[in-house]
Amino acid sequence: MEDNPNAVGSDSLNLDADGWLPSARRLPSPNSDARPPGTLIDLLVIHNISLPPGEFAGDWIDDLFLNRLDPGAHPYFVAIAPVRVSAHFLIRRDGRLTQYVSCEQRAWHAGVSVFMGRERCNDYSIGIELEGTDCIPFTSAQYCALADCTRQIRARYPAIVPERIVGHSDIAPGRKTDPGPAFDWGRYLKGVVS
Ligand SMILES: [Zn+2]
């Protein structure tokens with residue numbers, strides 16, 4: 001038996017023992033698997049996504065993460081419908097939170113990535129998607145939900161110090177641009193550490 005470096009403390013009231021947040025809508029994604037044994041979860045990655053790009057309606061993101069995206073529903077979907085991806089969480093424009101993958105499991109959000117010389121960030125990170133684009137301001141409801149979600153994650157995984165909360169663009173530079181210049185890091189982190 002490996003020691004679990006992410007063992008649940010007695011004061012862990014929020015994320016349940018299996019790594020699910022009771023307050024989130026739960027839609028388990030098959031695009032997930034086990035982390036390498038003994039992995040300390042010590043990185044949080046912030047993303048944005050919208051489907052089709054720039055549109056904030058419908059349940060297309062759920063469909064993508066659940067491998068049921070209809071390629072006939074929009075020309076953009078043809079190329080991405082076969083892609084197998086997920087994130088632990090999605091925060092919609094109105095602040096609604098959905099969880100697709102247990103935090104104890106590995107979600108497939110980062111792709112080819114490196115943080116401080118360490119590759120395969122999916123192994124040791126948690127990924128949160130914000131519904132949005134790089135250049136459209138995110139909503140107050142999203143900042144509130146993101147701060148709340150982050151606080152609950154950090155209560156369980158204290159190795160995720162503020163310096164280890166990054167954007168997808170930080171770990172996949174040149175390949176990814178999200179969460180983008182419209183994301184207000186100062187506003188977000190102030191809500192996390194206060
Ligand atoms: Zn991303």
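Here the structure is a predicted model, which means the values were calculated and not measured. Whatever order the structure lists ligands and atoms in, that order sets their numbers, starting from 1.
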S.K.: Would you please name every residue forming a side-chain hydrogen bond (donor to acceptor under 3.5 Å, both in side chains) with Arg84, sequence neighbours left out?
M.R.: Asn67
S.K.: Counting distance only, does the side-chain N/O of Arg35 pair as donor-acceptor with the main-chain N or O of Gln105 below 3.5 Å?
M.R.: yes
S.K.: For the pair Arg92 and Glu131, find out whether any cationic side-chain nitrogen is under 4.0 Å from an anionic carboxylate oxygen.
M.R.: yes
S.K.: Report the residues that fulfil side-chain hydrogen bond (donor to acceptor under 3.5 Å, both in side chains) with Asp148, sequence neighbours left out, ordered by chain and then residue number.
M.R.: Gln152
S.K.: Relative to the Zn ion (ligand 1), how many protein N, O or S atoms have a separation of less than 2.8 Å?
M.R.: 3
S.K.: Using atom types as modelled and distance alone, determine if a side-chain donor or acceptor of Ser86 lies under 3.5 Å from a backbone N or O of Trp108.
M.R.: yes
S.K.: Taking only residues two or more places apart in sequence or in another chain, which ones pass side-chain hydrogen bond (donor to acceptor under 3.5 Å, both in side chains) with Thr98?
M.R.: Arg25
